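All remarks here apply to the structure that follows.
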Amino acid sequence: MNRSRRFHAKAPDMVAGMTQSHPRISKAVIPAAGLGTRFLPATKATPKEMLPVVDKPAIQYVVEEAVAAGLDDVLMVTGRNKRPLEDHFDRNYELESALQKKGDASRLAKVQESSDLATMHYVRQGDPKGLGHAVLCAAPHVGDEPFAVLLGDDLIDPRDPLLQRMVEVQEQRGGSVIALMEVAPEQIHLYGCAAVETTEDSDVVQVSGLVEKPDPADAPSNYAIIGRYVLDPSIFDILRRTEPGRGGEIQLTDALQQLAEDEKIGGPVHGVVFKGRRYDTGDRGDYLRAIVRLACEREDLGPDFRTWLRSYVAEEM
Ligand code: G1P
């Protein structure tokens, strides 16, 4: 039996005093339809999400993060040439039986890890019309409940849980919650940017406006959206009406701006300000830095790798 289809003992309607109008968040949406052109030729025949970060595909870290936050229903929004993603989260009986025959229990466990993680679903985006459009493709699966969106290019260190906190804030305050990080002003044009007001919680801000990839001179703050969102389902109706924005694409930031502007549509928009470790795997330099940092911290590889790295750096200086 595929253990990913296991029954999850969870009370859907009444958790810790929550009522039916406030269902527990259980669905995560992971847009994964991008072409990964920054990593060509590696991504000619392999999805960028499958590139290894140390010895695990980048996308597996993201699914693990969703599961750690209690979201074990995962919908991937994919496109052409993304079959390896489905295969990775499915059983591989041939490999499993070969490892079983060899008695290699630890590698067998590694093979089974990804297929046991979550209940996986897939939908194809068809036309790549932007992040907002990718999220809209999730509407039939998500239905009328709040849900999370995790972008695969951002890896959040599991020791600095962010999504758990966002889910908690959404359950307390309703509406939608986005993840924010302060960046250097010259970097803000790479991100969605939020105008914010403080709240009584030091890590939570109220979002009063949003703009996608502003010119630094027009940026309302240096709070950048990093790729984690907990969204009210009213976002779907807004996305259906959202015109293409920056880069000619339907932008999730533009739809969220409408929510931030008018609380009556789908509740407020809050931001959780993240100060933990985040690795960007969407850019080649950052991808390399992520691998080095994570390899250094691994118990099995770290000691040898750090020793080598120290002497390599000393030689280079
Ligand atoms: C997307 C969002 C942007 C956000 C970023 C975070 O942009 O549109 O608002 O700041 O992810 O990684 P992308 O990097 O996909 O162009």
Side-chain angles (χ1 to χ4, degrees), residues 28-39 43 47-49 51 53 58-59 61-62 65-66 76-79 125 128-138 148-157 162-163 166 176-196 205 207 209-216 218-231 235 238-239 242-260 269-274 276-287 289-290:
V29 174
I30 305 182
L35 296 175
T37 47
R38 282 189 274 184
F39 284 87
T43 47
K48 70 167 176 174
E49 293 81 6
L51 296 181
V53 176
I59 193 75
Y61 291 87
V62 180
E65 184 191 334
M76 272 193 202
V77 184
T78 67
Q125 190 178 1
K129 289 194 248 172
L131 177 59
H133 178 249
V135 171
L136 187 52
C137 293
V149 174
L150 293 86
L151 305 189
D153 284 348
D154 289 294
L155 296 192
I156 304 296
D157 196 301
L162 167 63
L163 196 56
M166 294 173 70
S176 299
V177 180
I178 60 177
L180 296 173
M181 197 163 181
E182 287 192 81
V183 300
E186 60 274 17
Q187 296 277 305
I188 197 72
H189 71 282
L190 300 169
Y191 299 93
C193 175
V196 302
V205 289
V207 175
L210 286 157
V211 48
E212 178 69 4
K213 303 200 174 101
D215 293 332
D218 305 331
S221 75
N222 66 333
Y223 284 98
I225 306 177
I226 52 174
R228 300 292 179 271
Y229 308 79
V230 177
L231 300 173
I235 198 79
I238 300 175
L239 282 168
T242 301
E243 296 288 329
R246 188 116 197 151
E249 298 190 335
I250 298 170
Q251 297 290 351
L252 181 58
T253 306
D254 293 346
L256 277 163
Q257 156 63 15
Q258 293 192 45
L259 281 182
V269 179
H270 286 95
V272 167
V273 179
F274 184 63
R277 286 158 281 197
R278 162 185 173 257
Y279 313 101
D280 181 350
T281 57
D283 167 85
R284 285 175 303 170
D286 288 331
Y287 171 73
R289 282 184 272 278

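Computed from a predicted model, the values in this text were never measured in an experiment. We count ligands from 1, going down the list as the structure has it; atoms in each ligand are counted the same way.
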Return a table of N or O atom pairs, ligand 1 on one side and protein on the other, at distances under 3.5 Å, rounded to 0.1 Å.
{"from": "ligand 1", "atom 1": "7 (O)", "to": "K213", "atom 2": "NZ", "distance (Å)": "3.3"}
{"from": "ligand 1", "atom 1": "8 (O)", "to": "E212", "atom 2": "OE1", "distance (Å)": "3.4"}
{"from": "ligand 1", "atom 1": "8 (O)", "to": "E212", "atom 2": "OE2", "distance (Å)": "2.7"}
{"from": "ligand 1", "atom 1": "9 (O)", "to": "G192", "atom 2": "N", "distance (Å)": "3.1"}
{"from": "ligand 1", "atom 1": "9 (O)", "to": "E212", "atom 2": "OE1", "distance (Å)": "2.7"}
{"from": "ligand 1", "atom 1": "9 (O)", "to": "T253", "atom 2": "OG1", "distance (Å)": "3.2"}
{"from": "ligand 1", "atom 1": "10 (O)", "to": "G192", "atom 2": "N", "distance (Å)": "2.9"}
{"from": "ligand 1", "atom 1": "10 (O)", "to": "I225", "atom 2": "O", "distance (Å)": "2.7"}
{"from": "ligand 1", "atom 1": "12 (O)", "to": "D154", "atom 2": "OD2", "distance (Å)": "3.0"}
{"from": "ligand 1", "atom 1": "16 (O)", "to": "K213", "atom 2": "NZ", "distance (Å)": "2.5"}

Problem set entry | Contact check, side chains of I178 and V207, non-hydrogen atoms, under 4.5 Å | yes
Problem set entry | V211 side chain near T253 side chain, heavy-atom distance below 4.5 Å | no
Out of curiosity, [X] [atom1] to [Y] [atom2], how far, rounded to the nearest 0.5 Å?
{"X": "Y287", "Y": "F39", "atom1": "OH", "atom2": "CZ", "value": "6.5 Å"}
{"X": "R246", "Y": "D254", "atom1": "CZ", "atom2": "CG", "value": "10.5 Å"}
{"X": "L239", "Y": "I250", "atom1": "CG", "atom2": "CD1", "value": "8.0 Å"}

Exercise. A179: what forms a side chain to side chain contact (heavy atoms under 4.5 Å, CB included) with it, not counting sequence neighbours?
Worked result: L162, M166, I226, R228
